[in-house]
Protein chains: 2
Amino acid sequence: MEKHYTIGQFKKMSGLTARTLQYYDEIGILTAQRTEGGHRYYLESHVHTLQKIVSLKFLGFSLEETADFINKDSWNEKDSLIFQRDMMEKKREQLNDSIRLLNLAIEQIETGGALHTDIFISMINNVHMEKSHKRWFAAFMPEPRINALFDRLKSEQETIEKKSMHLFSRLKEAIGIDPTSSEVGKLVAELMEFAMEIVGDELPLLEQIPAADLEEDPWLFPYPFTPEEEQWLKQAVNHYMEKEGIQIGKN
Amino acid sequence: MEKHYTIGQFKKMSGLTARTLQYYDEIGILTAQRTEGGHRYYLESHVHTLQKIVSLKFLGFSLEETADFINKDSWNEKDSLIFQRDMMEKKREQLNDSIRLLNLAIEQIETGGALHTDIFISMINNVHMEKSHKRWFAAFMPEPRINALFDRLKSEQETIEKKSMHLFSRLKEAIGIDPTSSEVGKLVAELMEFAMEIVGDELPLLEQIPAADLEEDPWLFPYPFTPEEEQWLKQAVNHYMEKEGIQIGKN
DNA sequence: CTTGCACATCACGTAACGTGATGTTTTAGA
DNA sequence: TCTAAAACATCACGTTACGTGATGTGCAAG
């Protein structure tokens, strides 16, 4: 005589809840046998089917997709497997981005600094809107050069993000201090150097982009400083420029 | 006069749908202004708030959590950030597992072999049930040694999985062939060698585990072969053992 | 003044169950 | 054999973050 499990035994074995088993029964993905009184019971074959179900769920398939797999017993069409893998890889990239950004914020707090929301937001945005930014830049640069620029930045993304976070935070905290002081001068010097590092050889082209265009779109390019803060920053940068005798537009 | 956006302009700018904006209005996370006629309109401050919302969503927060963040404008409690990061890291581990397993199946198909569902299932299970397996082994081995064993296997997980997939598949395809043939003998030899590699120095202890215990739990240890297939495999292994004159139990 | 578009509000659908509420079957013990 | 408790059954509504119509107004242009 075949072993049979009540729903209570079955749920203990599988670790699923009774509700889940009832739901699987309801949608017909795991149809239980019934006693005369109407209680569910399960056989070894159900164990096997349920194995398949939880395994496929583990791979990230929906119950509907899972049902398809269960009905056919050879899984040799690689299309759905490849599709699924690609979906999961996209999700993983997403997670990598958010984990990296969360760590950035955590580190900033742990090193004793304050986390400035505007800075954080603009950095998140930078990652989130990458594709839109690429399209935007397409109006000023040929595509291969855009890609080269973005690829270079991406290869050092984490370093750049950490530097940005640190530098912008210190700048924000310096607001109010005399813009001509040597303390502020040092920060601005750092900022300029950092900006040069970012733009690299694309300086001439990027300089041509009118600053107004950038500020015109508050959605695509949220600014980490408020208008008053920016006012202060401009003073500081101007002072620095005059002292150094350089004439370059500031982004 | 402040710039104001209709919902149509706002959705184009943000890339969200009107329904989403209406929903955010409804749950009070982004309350729009209204014209006399009842139409929604948005100001610059709404742009800023929406930036926060989409940024926090990008980090994986729910709208409810997002609402909390928006209400307080300093984000210096690292607890929720750390909690969130840990959640996301768990999800990423999950994804890594499923991607690796999907690739395993895809490769198996691409190299021209058939994907045997029972083998695949039992390999998925192996990853999925790792914690349960550890608990199960705790009845036979002290915990530090279990951890050492599992850590060793984990460091070569992908290699082991590929080998398993390849070897078990060839075994399954050999079923029906004379168990005493040299072809089968070779496969069994590979199997034994592989098994030795896996158990490593834990052979004596693992040998003590009665095979019945393993087979007794069809949920925890789904077997990649059917009873008939197993019968054949036993014959092949026995033949191999006699020929080699070794006496070791088989798992 | 009308026409057409943009916008408004219901209201139900989604996925995979969780969580009671309430009634019936099964089983263990007297 | 009877009873009380445990186990099980079926509704039915809640969850998240919107999508998707259906149907009824506001608004700007001709």
Side-chain angles (χ1 to χ4, degrees), chain A residues 3-43 46 49-50 52-70 84 87-88 91 94 98 128, chain B residues 4-43 46 49-70 84 87-88 91 94 98 128:
Chain A
K3 226 186 302 184
H4 75 286
Y5 305 88
T6 68
I7 197 172
Q9 296 165 329
F10 210 57
K11 76 179 180 155
K12 255 181 211 160
M13 182 181 68
S14 66
L16 302 177
T17 68
R19 176 63 172 116
T20 298
L21 292 168
Q22 185 253 317
Y23 180 66
Y24 288 175
D25 197 354
E26 185 185 325
I27 65 173
I29 201 176
L30 186 74
T31 311
Q33 306 282 102
R34 299 296 186 131
T35 66
E36 287 181 15
H39 283 192
R40 270 172 263 259
Y41 68 92
Y42 297 88
L43 305 173
H46 290 110
T49 304
L50 191 53
K52 287 189 186 175
I53 295 171
V54 299
S55 294
L56 290 165
K57 275 198 58 191
F58 185 78
L59 296 183
F61 288 103
S62 71
L63 287 179
E64 200 181 345
E65 292 163 323
T66 295
D68 291 348
F69 273 98
I70 286 177
Q84 187 67 13
M87 297 292 296
M88 302 309 256
K91 282 193 187 178
Q94 253 280 342
S98 53
H128 186 186
Chain B
H4 73 285
Y5 305 89
T6 67
I7 198 173
Q9 295 165 329
F10 209 58
K11 77 179 180 156
K12 255 180 212 161
M13 182 181 67
S14 66
L16 302 176
T17 68
R19 175 65 173 111
T20 298
L21 292 169
Q22 185 253 317
Y23 180 65
Y24 289 175
D25 197 355
E26 185 185 326
I27 65 173
I29 201 176
L30 186 75
T31 311
Q33 305 283 101
R34 300 294 186 132
T35 66
E36 286 180 17
H39 283 193
R40 272 173 261 258
Y41 67 92
Y42 297 88
L43 306 172
H46 290 112
T49 303
L50 191 52
Q51 287 276 2
K52 288 189 186 176
I53 295 172
V54 299
S55 294
L56 289 165
K57 275 197 57 193
F58 185 78
L59 296 183
F61 289 102
S62 71
L63 287 178
E64 200 182 345
E65 292 163 322
T66 295
D68 290 348
F69 273 97
I70 286 176
Q84 187 66 13
M87 297 292 295
M88 303 308 258
K91 281 194 189 178
Q94 254 280 343
S98 52
H128 186 185

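In what follows, every chain begins at residue 1, and chains take the letters A, B, ... in the order their sequences are listed.
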Please report the distance, rounded to the nearest Å, between [atom1] in [X] and [atom2] in [N].
X: B:Arg40; N: C:dA8; atom1: CZ; atom2: P; answer: 4 Å
X: B:Gln33; N: C:dA8; atom1: CD; atom2: P; answer: 13 Å
X: B:Arg34; N: C:dC7; atom1: CZ; atom2: P; answer: 13 Å
X: B:Glu26; N: D:dG19; atom1: CD; atom2: P; answer: 13 Å
X: B:Leu21; N: C:dT9; atom1: CG; atom2: C1'; answer: 16 Å
X: A:Ile27; N: C:dC17; atom1: CD1; atom2: C1'; answer: 10 Å
X: B:Ile29; N: D:dT16; atom1: CD1; atom2: C1'; answer: 13 Å
X: B:Gln22; N: C:dC7; atom1: CD; atom2: C1'; answer: 11 Å

Contacts under 3.5 Å, N or O only, protein and nucleotides 22-29 of chain D:
{"residue": "D:dG26", "atom": "O4'", "partner": "B:His39", "partner atom": "NE2", "Å": "3.4"}

Just N and O in the side chain of B:Tyr23: are any of them under 4.0 Å from OP1 or OP2 of D:dG19?
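Checking B:Tyr23 against D:dG19: no side-chain N or O falls below 4.0 Å of OP1 or OP2.
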Residues in side-chain contact (heavy atoms from CB on, under 4.5 Å) with B:Thr6, at least two apart?
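B:Gln9.
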Set of side-chain contact (heavy atoms from CB on, under 4.5 Å) partners for A:Arg34, sequence neighbours left out:
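Scan of A:Arg34 (side-chain contact (heavy atoms from CB on, under 4.5 Å), adjacent residues dropped) gives A:Asp25, A:Arg40.
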Just checking A:Tyr24: base, sugar-phosphate only, or nothing, at a heavy-atom cut-off of under 4.0 Å?
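Sugar-phosphate contact only - A:Tyr24 comes under 4.0 Å of backbone atoms but never of a base.
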What pairs meet the ring pair (Phe, Tyr, Trp, His ring centres under 6.0 Å) rule with one or both residues in residues 13-43 of chain B, with sequence neighbours excluded?
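Listed once each, the pairs are B:His4-B:Tyr41, B:Phe10-B:Tyr42, B:Tyr42-B:His46.
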Evaluate whether atom CE of A:Met13 has more than 12 neighbouring non-hydrogen atoms of other residues, nucleotides or ligands under 6.0 angstrom away.
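Atom CE in A:Met13 is packed in, count exceeds 12.
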Can you tell if the side chain of B:Phe69 reaches within under 4.5 Å of the side chain of B:Lys52, non-hydrogen atoms only?
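No, their side chains stay 4.5 Å or more apart.
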Would you call B:Gln33 and B:Leu43 a side-chain contact if the rule is heavy atoms closer than 4.5 Å?
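Yes, at least one pair of side-chain atoms sits under 4.5 Å.
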Of residues 5-19 of chain B, the positions that come close to DNA chain D - non-hydrogen atoms, cut-off under 4.0 Å:
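Those residues whose heavy atoms fall under 4.0 Å from DNA chain D, taken from residues 5-19 of chain B in numerical order, are B:Thr17, B:Arg19.
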Going by number, which of residues 52-67 of chain A have a non-hydrogen atom under 4.0 Å from DNA chain C?
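Contacting residues: A:Lys57, A:Ser62, A:Leu63.
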Distance from [X] atom [atom1] to [Y] atom [atom2], nearest 0.5 Å?
X: A:Met88; Y: A:Leu59; atom1: CE; atom2: CG; answer: 7.5 Å
X: B:Lys11; Y: B:Gln22; atom1: NZ; atom2: CD; answer: 12.5 Å
X: A:Thr20; Y: A:Leu30; atom1: OG1; atom2: CG; answer: 11.5 Å

Side-chain donor/acceptor of B:Gln84 to backbone N/O of B:Gly60, under 3.5 Å
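Checking the backbone N and O of B:Gly60 against the side chain of B:Gln84, a donor-acceptor pair under 3.5 Å is found.
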Measure across B:Lys57 and B:Thr66 and return the closest heavy-atom pair with its distance rounded to 0.1 Å.
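Heavy atoms of B:Lys57 and B:Thr66 come nearest at N-OG1, 4.3 Å.
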